Visitor: 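Here it is, the structure, as structure tokens.
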Amino acid sequence: MSTPVLDLPESPSIWVAADAVDQARPRSRQRQLGASDLVCERRAAYIHHGWEPTDHVVSPAAMLGTYIHEGLTTAARKEFGWLVEKRVADATIRGSIDIVQLDRATARRLPRRLRPTVPADVNTLEDIKTRTIYRWDEVRRYGATAGELRQVMTYVRLLRTGGFADVDGQRVLARLGPIDIQRIRMRFISRDSGEEFIQEFPYDPEIAEEAVWWLERITETEHPEQAPRSFYGPGIDAQCDYCPFATACWGVPAPGRPVQANIVHNREDVAVHLADYVDAHKDWAEADRVKKFVRKAVDGTEAGTYGRNVLGWRGEDKEVEEPDVRAMIELFDDLQAPIPMVPDAERMVKALVTAGIAVPTRRVVKKGSRRIEVKAAPR
Ligand code: SF4
């Protein structure tokens with residue numbers, strides 16, 4: 001029986017709908033600096049100075065992260081009675097904390113409906129982060145990034161000094177006053193497998209202070225361009241690929257040039273960048289020697305766990321099934337089918353040269369990859 005062919009209209013991408021909903025979220029329309037913006041100084045400065053975004057960014061990966069967040073925090077609220085998505089703010093910065101798990105003494109000061117099912121031993125602030133498989137190894141090895149630490153320490157500082165923000169939906173919480181958060185829990189979730197990785201640490205006033213200082217540098221600028229870029233731009237850092245201020249920050253690229261070329265104006269700029277290149281190359285070359293040495297040193301070692309690392313081998317010899325050309329020629333011969341012939345340019349050139357006949361040529365343009373070469377200038 002043949003399958004009926006349905007004449008369906010082309011289906012729109014479902015991310016179009018997801019993006020429209022995302023844009024309507026209060027968070028997306030928020031123009032005050034948020035704790036989650038403490039990642040790039042330049043971007044924070046655009047927000048602080050009230051600039052309108054120049055780029056409409058659609059990031060399905062980020063939206064997936066939002067959906068996972070919502071599902072997990074809702075479940076934690078219903079099942080564990082944890083406080084979720086609670087707001088904090090001072091005159092400069094605002095934030096929405098994923099989870100606060102109160103201790104017994106603090107929880108007793110709340111109406112029963114707001115108390116956790118199981119109180120924490122100490123007041124705990126939790127932040128959920130999702131990661132793709134590509135960054136999972138990095139999470140397990142190094143935990144939270146510097147920007148994420150600034151974010152959570154800022155939340156804790158705001159809770160320890162002013163408590164929950166006195167806004168609709170959480171006035172009862174605001175009446176608790178300052179909350180003495182003792183523990184921070186970063187809960188990383190793999191976006192691919194759902195695996196959890198938990199990192200816990202106490203409040204660190206030094207990092208919180210550093211975040212305040214970071215913020216002061218932003219608020220002291222008179223123009224966003226006085227704040228340095230914390231990343232190397234689109235095509236290099238994902239933060240820039242999905243930055244709503246990328247065009248304001250880097251401009252529009254000249255035809256055929258990367259956008260980073262916009263910020264090089266004179267010979268001094270080139271000299272500075274080449275010096276960076278040489279420094280980076282020196283570090284890279286040293287690191288590459290270490291990697292090559294280790295690769296040789298463990299050559300005879302079985303795959304497995306050694307200390308904090310897992311050794312694996314990829315690309316080792318293995319048997320695979322592939323078409324047997326000789327057998328196919330015999331088969332084609334038996335079937336008296338024509339055998340496809342591909343001209344072998346290399347053999348033809350060799351034959352003509354051997355016969356002393358000039359090889360005919362034609363001019364073609366070959367697309368080359370333009371490579372940089374930096375050497376020491378003569379003194
Ligand atoms: S494009 Fe990159 S460097 Fe520029 S503001 Fe955005 S994140 Fe920062």
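When a residue number appears, it is its place in the shown sequence, counting from 1. Please read all numbers here as calculations on a predicted model, not as lab measurements. Counting starts at 1 for both ligands and their atoms, in listed order.
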Visitor: Run the salt-bridge test on D299 and K296 with the 4.0 Å N-O cut-off and return the result as yes or no.
Guide: no
Visitor: Would you name the heavy atoms of P338 and F332 that are closest together and state the gap between them?
Guide: O-CD2, 3.5 Å
Visitor: If I compare all heavy atoms of E126 with all of D98, which pair ends up nearest, and what's the gap?
Guide: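 Closest approach of E126 to D98: O-CB, 3.3 Å.
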Visitor: Is the distance between atom 6 (Fe) of ligand 1 and the nearest N/O/S atom of C243 smaller than 2.8 Å?
Guide: yes
Visitor: Suppose we measure from atom 4 (Fe) of ligand 1 to each protein heavy atom; which comes out shortest, and what is that distance?
Guide: C249 SG, 2.4 Å
Visitor: Could you give the distance from CD1 (I339) to CD (E330), rounded to the nearest 0.5 Å?
Guide: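 Here the interatomic distance stands at 10.0 Å.
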Visitor: Counting only heavy atoms not in M328, do more than 12 sit closer than 6.0 Å to its CE atom?
Guide: yes
Visitor: Going by the order shown, which atoms of ligand 1 are within less than 4.0 Å of some heavy atom of R42?
Guide: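 With R42 as reference, the close atoms of ligand 1 come out as 5 (S).
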Visitor: How are the rings of W136 and F197 set relative to one another: parallel (under 30°), tilted (30 to 60°) or perpendicular (over 60°)?
Guide: perpendicular
Visitor: For ligand 1, is there an atom lying under 4.0 Å from some heavy atom of W250?
Guide: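 Contact present.
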Visitor: What is the nearest protein non-hydrogen atom to atom 2 (Fe) of ligand 1, stated with its residue, atom name and distance?
Guide: C240 SG, 2.3 Å
Visitor: Starting from atom 5 (S) of ligand 1, what is the nearest protein heavy atom, named by residue and atom, and what distance separates them?
Guide: R43 N, 3.5 Å
Visitor: From atom 8 (Fe) of ligand 1 out to just under 2.8 Å, does an N/O/S atom of C40 turn up?
Guide: yes
